[in-house]
Asker: 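First the structure, then my questions, so here it is.
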Amino acid sequence: MKRLSTIAVGLLLVACAGLWHLQQASGQADAGWVTLFDGSSLDNWSPIGDANWKLADGVVVADKGNGFLVSKNSYTDFQIRAEFWVDDDANSGIFIRCTDPAKVGTASAYEVNIFDKRPDPSYGTGAIVNVAKVVPMPKAGGKWNVYEITAKGPKFFVTLNGTKTVDGVEDSKFPSGRIALQYGAGVVKFRKVQVKPIDQADTTRPM
């Protein structure tokens with residue numbers, strides 16, 4: 001009995017150590033990430049325009065009007081992870097380095113597009129409008145998607161569902177600004193949005 005008890009205690013200690021290492025690894029993986037939206041609150045955002053954003057079932061959704069959710073903080077060099085769902089007719093996007101939070105657009109920000117039916121598909125879903133084309137254009141309609149966006153100095157990287165659509169294109173018009181989530185048409189949902197400020201001294205290739 002004593003031997004069995006010793007073995008049981010040993011196994012328990014091994015299991016606890018394994019769980020601790022898993023939790024530590026998870027914490028390290030999320031280190032530096034700030035959740036701007038988790039499906040429950042819009043406290044980190046300010047709406048502009050008349051889009052009918054509403055919280056429902058762990059997402060923020062809009063299907064009428066035209067407008068944006070604009071982050072309350074500005075960012076210079078950063079990574080974004082965003083989970084979104086759109087229908088086939090949606091016109092949306094994630095605008096970064098928005099220099100005019102009261103009037104978001106490509107004249108004052110970079111637009112990482114979500115627009116499967118854009119008349120010029122080279123700047124459709126996966127592209128940065130007027131900065132980085134995407135060929136062929138991926139489709140985002142009718143499913144959950146994950147955007148990973150990196151802005152570091154004048155360089156930009158975009159990955160959609162694990163596929164790189166923008167790889168190191170350079171543009172220096174807008175060095176810093178806010179993040180904005182767009183509603184323009186169709187049905188648009190965002191489920192999670194995170195941002196991680198990055199250090200210019202970090203020379204690791206993003207994503």
Side-chain angles (χ1 to χ4, degrees), residues 33 35-42 44-71 75 78-98 101 103-106 108-151 156-167 169 178-195 207:
W33 287 96
T35 299
L36 298 181
F37 179 68
D38 64 0
S40 64
S41 169
L42 292 175
N44 295 312
W45 305 88
S46 300
I48 64 171
D50 62 358
N52 65 335
W53 298 106
K54 54 185 178 291
L55 293 169
D57 301 322
V59 304
V60 60
V61 56
D63 59 8
K64 291 180 182 177
N66 197 308
F68 300 85
L69 293 174
V70 182
S71 69
Y75 302 91
F78 55 87
Q79 292 177 292
I80 293 173
R81 292 193 303 218
E83 299 177 17
F84 67 92
W85 185 98
V86 291
D87 67 3
D88 292 336
D89 297 320
N91 179 4
S92 182
I94 298 176
F95 285 70
I96 60 174
R97 291 182 174 171
C98 302
K103 189 177 181 181
V104 177
T106 55
S108 59
Y110 297 106
E111 178 186 6
V112 183
N113 214 354
I114 306 169
F115 195 177
D116 286 357
K117 292 187 176 180
R118 191 176 193 273
D120 176 4
S122 63
Y123 286 122
T125 300
I128 302 177
V129 176
N130 300 330
V131 174
K133 295 182 177 182
V134 58
V135 181
M137 184 189 73
K139 295 292 186 74
K143 61 187 177 183
W144 281 102
N145 303 270
V146 177
Y147 250 151
E148 297 173 275
I149 303 164
T150 299
F156 299 89
F157 303 82
V158 178
T159 298
L160 177 64
N161 301 326
T163 298
K164 191 160 288 184
T165 60
V166 175
D167 189 7
V169 69
R178 304 193 193 190
I179 298 165
L181 311 179
Q182 181 191 25
Y183 175 77
V187 179
V188 176
K189 303 176 184 179
F190 287 92
R191 183 166 62 185
K192 189 173 186 180
V193 180
Q194 294 177 296
V195 63
M207 300 187 296

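The structure presented is a predicted model; accordingly, all values stated were derived computationally and were not measured.
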Asker: Show the nearest heavy-atom pair for residues Ala51 and Gly67, with the distance to one decimal.
Answerer: CB-N, 3.7 Å

Asker: Can you tell me how far apart CD (Glu111) and CG (Asn130) are? Round to the nearest 0.5 Å.
Answerer: 8.5 Å

Asker: Under a 4.5 Å cut-off applied to non-hydrogen side-chain atoms, are Val166 and Val134 in contact?
Answerer: no

Asker: Within the side chain of Thr125, is there an N or O that forms a donor-acceptor pair under 3.5 Å with the backbone of Asp116?
Answerer: yes

Asker: Look up atom CG in Asn145 and atom CZ in Phe190, then write down how far apart they are to the nearest 0.5 Å.
Answerer: 10.0 Å

Asker: Are Gln182 and Phe115 packed together at the side-chain level, in the sense that at least one heavy-atom pair is separated by less than 4.5 angstrom?
Answerer: no

Asker: With rounding to the nearest 0.5 Å, note down the distance linking CG in Leu69 to CD1 in Ile94.
Answerer: 11.5 Å

Asker: Is there a donor-acceptor pair closer than 3.5 Å between any side-chain N or O of Asn113 and the backbone N or O of Tyr123?
Answerer: yes

Asker: Assess whether side-chain contact (heavy atoms from CB on, under 4.5 Å) is satisfied between Lys189 and Trp144, documenting all intermediate values.
Answerer: CA-CA 9 Å; Lys189 303 176 184 179; Trp144 281 102; 4.1 Å; yes

Asker: Do Tyr75 and Val195 have side-chain heavy atoms sitting under 4.5 Å apart?
Answerer: yes

Asker: Check the orientation of Phe95 and Phe68. Use parallel for under 30°, tilted for 30 to 60°, and perpendicular for over 60°.
Answerer: perpendicular

Asker: Do Trp33 side-chain atoms and Gln79 backbone N/O form a donor-acceptor pair below 3.5 Å?
Answerer: no

Asker: Does Asn44 use its side chain to pair, donor to acceptor, with the backbone of Leu36 at less than 3.5 Å?
Answerer: yes

Asker: Testing the basics here: between Val188 and Ala90, what is the closest heavy-atom pair and its distance to 0.1 Å?
Answerer: CG2-CB, 4.1 Å

Asker: Distance from Gln194 atom CD to Asp38 atom CG, nearest 0.5 Å?
Answerer: 9.5 Å

Asker: Let me confirm one number: the CZ-OG1 distance from Arg81 to Thr35, rounded to the nearest 0.5 Å.
Answerer: 8.0 Å

Asker: I want to check something: taking the side chain as every heavy atom from C-beta on, are Ile149 and Tyr110 in contact at a cut-off of under 4.5 Å?
Answerer: no

Asker: Tell me the closest heavy-atom pair linking Lys103 and Ser108, and the distance in Å.
Answerer: O-OG, 3.3 Å

Asker: To the nearest 0.5 angstrom, please state how far the CD1 atom of Ile128 sits from the CD1 atom of Ile96.
Answerer: 6.0 Å

Asker: Do Asp50 and Asn66 have side chains that approach each other closer than 4.5 Å (heavy atoms only, starting at C-beta)?
Answerer: yes

Asker: If you compare all heavy atoms of Val131 against all heavy atoms of Val169, which two are closest, and at what distance to 0.1 Å?
Answerer: O-CG2, 3.8 Å

Asker: So which heavy atom on Pro119 is nearest to which on Pro121, and how close?
Answerer: O-CD, 3.2 Å

Asker: If the threshold is 4.0 Å, N to carboxylate O, is there a salt bridge linking Glu83 and Arg191?
Answerer: yes

Asker: Kindly give the heavy-atom pair with the smallest separation between Gly142 and Asp88, and that separation in Å.
Answerer: N-OD1, 4.0 Å

Asker: State, without any angle test, whether Thr163 and Asn161 hold a side-chain donor-acceptor pair at a distance under 3.5 Å.
Answerer: no

Asker: For atom NZ of Lys64, decide whether the heavy atoms of other residues, nucleotides or ligands shown that lie under 6.0 angstrom number more than 12.
Answerer: no

Asker: Tell me, with the steps shown, if Lys117 and Asp89 meet salt bridge (charged side-chain N to carboxylate O under 4.0 Å, His left out).
Answerer: CA-CA 7 Å; Lys117 292 187 176 180; Asp89 297 320; 2.6 Å; yes

Asker: Quick one: are Val187 and Trp85 in side-chain contact, heavy atoms under 4.5 Å?
Answerer: yes

Asker: Do Trp45 and Val70 touch side chain to side chain, with heavy atoms closer than 4.5 Å?
Answerer: no

Asker: I want to check something: taking the side chain as every heavy atom from C-beta on, are Val60 and Leu55 in contact at a cut-off of under 4.5 Å?
Answerer: yes

